[in-house]
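Just so it is clear: chains get the letters A, B, ... in the order the sequence lines come, proteins before strands, and each one is counted from 1. Keep in mind it's a predicted model, so treat the numbers as computed, not measured.
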4 protein chains.
Amino acid sequence: MPPRSTKQSVVEVDQSEPELDLGDSRPLRADAERNRRLIVEAAETVFAERGLMAGFDEVARAAGVGVGTVYRRFPQRDDLIDALFADRVQAMVALAESAAAIEEPWQALGWFLEQSVAEQAGDRGLAEVLGDGMRGSRRLAQARERMLPAVGDLLARARRAGVVRPDVEILDLAVIGSMLARLSTDADPELWRRYLPIALDGLRQRPDSAPLVGGAAREADLTQLARR
Amino acid sequence: MPPRSTKQSVVEVDQSEPELDLGDSRPLRADAERNRRLIVEAAETVFAERGLMAGFDEVARAAGVGVGTVYRRFPQRDDLIDALFADRVQAMVALAESAAAIEEPWQALGWFLEQSVAEQAGDRGLAEVLGDGMRGSRRLAQARERMLPAVGDLLARARRAGVVRPDVEILDLAVIGSMLARLSTDADPELWRRYLPIALDGLRQRPDSAPLVGGAAREADLTQLARR
Amino acid sequence: MPPRSTKQSVVEVDQSEPELDLGDSRPLRADAERNRRLIVEAAETVFAERGLMAGFDEVARAAGVGVGTVYRRFPQRDDLIDALFADRVQAMVALAESAAAIEEPWQALGWFLEQSVAEQAGDRGLAEVLGDGMRGSRRLAQARERMLPAVGDLLARARRAGVVRPDVEILDLAVIGSMLARLSTDADPELWRRYLPIALDGLRQRPDSAPLVGGAAREADLTQLARR
Amino acid sequence: MPPRSTKQSVVEVDQSEPELDLGDSRPLRADAERNRRLIVEAAETVFAERGLMAGFDEVARAAGVGVGTVYRRFPQRDDLIDALFADRVQAMVALAESAAAIEEPWQALGWFLEQSVAEQAGDRGLAEVLGDGMRGSRRLAQARERMLPAVGDLLARARRAGVVRPDVEILDLAVIGSMLARLSTDADPELWRRYLPIALDGLRQRPDSAPLVGGAAREADLTQLARR
DNA sequence: CATGAATGAGGTTTCATTCAT
DNA sequence: AATGAATGAAACCTCATTCAT
């Protein structure tokens with residue numbers, strides 16, 4: 001939850017699913033639906049731990065169904081990825097939109113970065129999805145694309161306020177967030193929290209800030225980084 | 001090369017190999033030596049791209065020799081890792097020692113971080129070796145261990161000078177360097193250069209620096225991160 | 001079948017499987033069962049010819065299935081060995097127990113030796129299993145261990161009757177049986193039948209029998225001989 | 001040495017090399033000759049332990065020369081086998097001829113069997129050579145062939161004296177000797193001595209000896225048995 | 001519709017023999 | 001002539017995906 005600025009009403013965030021479905025047609029049979037849910041739930045855990053390339057075998061085992069069932073329900077890996085992460089990505093967008101409600105621009109940006117890393121750090125799959133625009137299908141991609149303007153707004157605000165390095169771009173934040181999110185280990189799953197303030201201080205505009213060199217990361221870079 | 005502080009003579013740094021060899025006995029025959037070099041060169045490329053777990057098959061193919069030849073020369077993967085990286089790690093130590101010659105503590109630290117990331121970036125193998133103390137054999141481990149005091153000195157100096165956040169520890173630098181080193185893509189192999197100043201600014205002591213939370217990374221964390 | 005001693009009814013021998021199964025749980029699917037049988041049948045031939053270390057690849061080829069299938073069904077070589085030989089070893093025990101029903105002690109021993117060699121001859125795999133107590137898993141080992149008392153009884157009876165050399169021990173019989181079993185060739189698979197009476201005559205107590213020298217073979221000897 | 005029968009002069013055994021060499025032409029250079037000897041000596045040990053298929057690599061290592069040297073001197077495995085075993089086989093022939101000097105036919109046969117097994121038991125290579133007529137080249141084969149009449153004489157004499165089962169043939173003795181020779185383990189290298197009297201007693205003609213069934217072993221059988 | 005069995009390519013490693021040095 | 005390096009076929013085993021039941 002965003003730290004509410006005092007006596008300020010927070011913009012209501014629209015959490016409703018934007019109906020991007022393209023004719024999945026009729027509903028599943030009751031048992032099929034149950035299995036579908038079991039699979040999704042299992043995959044959430046498995047993908048969170050092992051990433052998007054985790055074996056369907058493991059998912060099936062965790063769900064208590066046969067592999068075949070997983071493949072029938074999700075013939076392409078991307079189908080499962082979609083089912084798992086469309087909502088999560090939506091939630092990330094919502095997060096950025098929520099952050100817009102924080103009055104202080106720097107706090108807004110910082111809060112968002114923290115939240116978004118917190119989400120990704122505990123979920124390797126989510127981190128890969130956010131980084132790799134090629135993952136999942138149309139629906140997921142669309143959700144993902146909505147992050148850009150939302151984060152762009154946070155960034156623009158901070159830039160206007162002169163609190164962030166002026167040449168930081170949206171994908172720079174994505175890169176930094178994605179690197180921070182990797183800083184999670186068995187021994188210290190929240191290791192990233194130690195480095196977040198360093199990243200934030202580094203992003204902050206200072207009298208002596210040198211201009212950033214080179215161009216910002218591009219989608220293709222992000223994709224490749226996410227696939228590592 | 002270190003940026004020389006003005007009008008100051010720089011201490012001569014000893015770059016000579018400290019003779020860690022343990023009885024490799026006599027030199028290889030000419031053809032074997034040639035193949036060895038082919039293999040090492042091929043492995044450099046392959047490991048740089050695919051990491052330490054790249055297939056020996058691929059190395060052999062790239063070197064234009066049979067698999068058996070690779071196994072004859074390097075019966076254990078660690079033998080090949082040693083051959084590839086012992087010098088590189090030595091060079092990293094030398095780098096840290098070179099940096100000691102830079103008068104200005106902050107510059108020394110920054111220069112070292114830059115150099116060390118430059119080495120690791122684009123060489124996934126080296127990055128894995130530096131992160132994962134279990135890789136390679138004794139000789140490599142020894143070389144790697146020498147980094148700690150060398151970097152420790154740089155850090156201590158910066159801390160005494162009050163220019164670095166006082167609670168940053170050596171392994172924090174290793175973590176940050178290792179993350180930066182990952183920021184290298186086909187499209188922009190030097191992407192990391194854009195984020196280095198951000199990291200450095202974030203490491204710098206400021207009047208308003210908040211203390212870092214949690215404990216610094218431990219060896220085990222570093223290892224796990226490197227294996228990702 | 002044991003040669004019945006005249007006008008004497010023979011004790012009914014219990015040939016039923018003594019239920020050693022440890023929760024194999026539910027039966028295999030029809031196709032899996034079919035493949036399992038194909039594999040076992042193929043392995044019978046292959047192991048009979050090449051011994052227990054025959055390649056899984058060859059078994060798979062002979063069975064007309066992929067290697068993976070063999071590994072799925074029998075992840076450890078010992079699993080396959082068990083499946084192939086547990087019943088065979090059981091049958092050998094039953095053989096010894098059957099022999100107990102033969103009234104004449106010498107005939108009982110001879111009949112058993114003949115039957116047991118007949119089983120082993122031409123089946124290198126079985127011979128190795130019987131000789132090498134380390135092969136196969138628990139279940140097989142247990143079955144194998146039951147041979148000792150059963151054969152011991154036959155031997156004791158013959159000794160009490162004074163028809164066998166008094167210093168022959170159980171493992172001596174195992175050694176002799178195992179050597180005889182090797183006497184099977186493509187040209188004459190039953191070559192051993194020629195040497196069996198020689199061995200038996202040699203085992204028989206005679207007025208002039210010299211005592212045997214040295215100690216009897218030990219398990220370790222038998223194991224090593226079987227591995228040859 | 002044969003136990004000399006009293007007051008009987010022993011036939012002088014011709015130990016001289018029968019010059020079967022076919023133009024090996026000129027003598028080796030001094031160093032080559034030295035290496036040849038080193039190799040043969042090493043191979044004696046190695047083949048004795050591991051049999052005729054032992055790796056040339058191992059022989060080379062034991063000899064302290066390169067593998068290439070072994071292959072140069074003995075391009076075919078059979079060449080080395082010849083060099084190693086021609087004399088040994090000669091010696092076996094001599095043994096049989098020596099045995100002829102023993103007056104008592106049964107003792108002669110028994111003594112020969114004991115000696116010949118003793119030779120083979122300690123030398124797996126020799127055992128394989130004696131069994132497998134295809135091993136080695138012409139010269140060795142010729143030496144080997146000379147065993148037949150020599151042993152044949154011992155056997156004929158015993159048969160005439162009525163002390164051996166009348167239907168035992170020469171190759172039966174070879175089979176029995178070869179099986180006995182296998183009864184040698186690390187724990188008890190002379191295990192075969194325990195079973196030799198059993199075999200001998202079994203070969204002995206008794207009032208109640210049943211005729212042997214089937215035909216005697218043929219060369220082909222012996223060969224296959226030796227290759228096991 | 002659910003199942004989990006089957007597949008087979010791909011990586012690892014060894015070893016008998018050949019051949020460049 | 002001696003060397004030991006190089007070879008490559010072959011066995012081992014795994015795993016993502018397809019398909020028969």
Practice item. Answer yes or no: is there an ion pair linking D:D123 with D:R88, defined by an N-O contact shorter than 4.0 Å? Key: yes

The residue, C:D57 or B:N35, whose nearest nucleotide of DNA chain F is more 5′ is B:N35

For C:R182, the side chain to side chain donor-acceptor pair (under 3.5 Å) test, sequence neighbours excluded, returns none

Symbol by symbol from the 5' end, with Watson-Crick or G-U pairs under 3.5 Å, [ ] crossing and | another strand, DNA chain F is .||||||||||||||||||||

With a 4.5 Å heavy-atom cut-off, do C:N35 and C:R73 have their side chains touching?
no

For residues 53-72 of chain D, please give each side-chain donor-acceptor pair under 3.5 Å, one per line with the distance, not counting sequence neighbours.
unit_1, atom_1, unit_2, atom_2, d
D:E58, OE1, D:R50, NE, 3.1
D:E58, OE2, D:R50, NE, 3.2
D:E58, OE2, D:R50, NH2, 3.4

For C:S137, the side chain to side chain donor-acceptor pair (under 3.5 Å) test, sequence neighbours excluded, returns C:D82

inquiry  = Less than 4.0 angstrom between a side-chain N/O of B:R77 and OP1 or OP2 of E:dT12, yes or no?
reply    = yes

*Using modelled atom types only, decide if a donor and an acceptor are shared between the side chain of A:E44 and the backbone of A:L84 within a distance under 3.5 Å.*
no

Expected list for residues 64-72 of chain B near DNA chain E, using heavy atoms below 4.0 Å, is B:V67, B:Y71

Sorted by chain and residue number, the side chain to side chain donor-acceptor pair (under 3.5 Å) partners of D:R135 (sequence neighbours excluded) come out as none

**Prompt:** Any side-chain N or O of C:R34 less than 4.0 Å from the OP1 or OP2 oxygen of E:dA6?
**Reply:** no

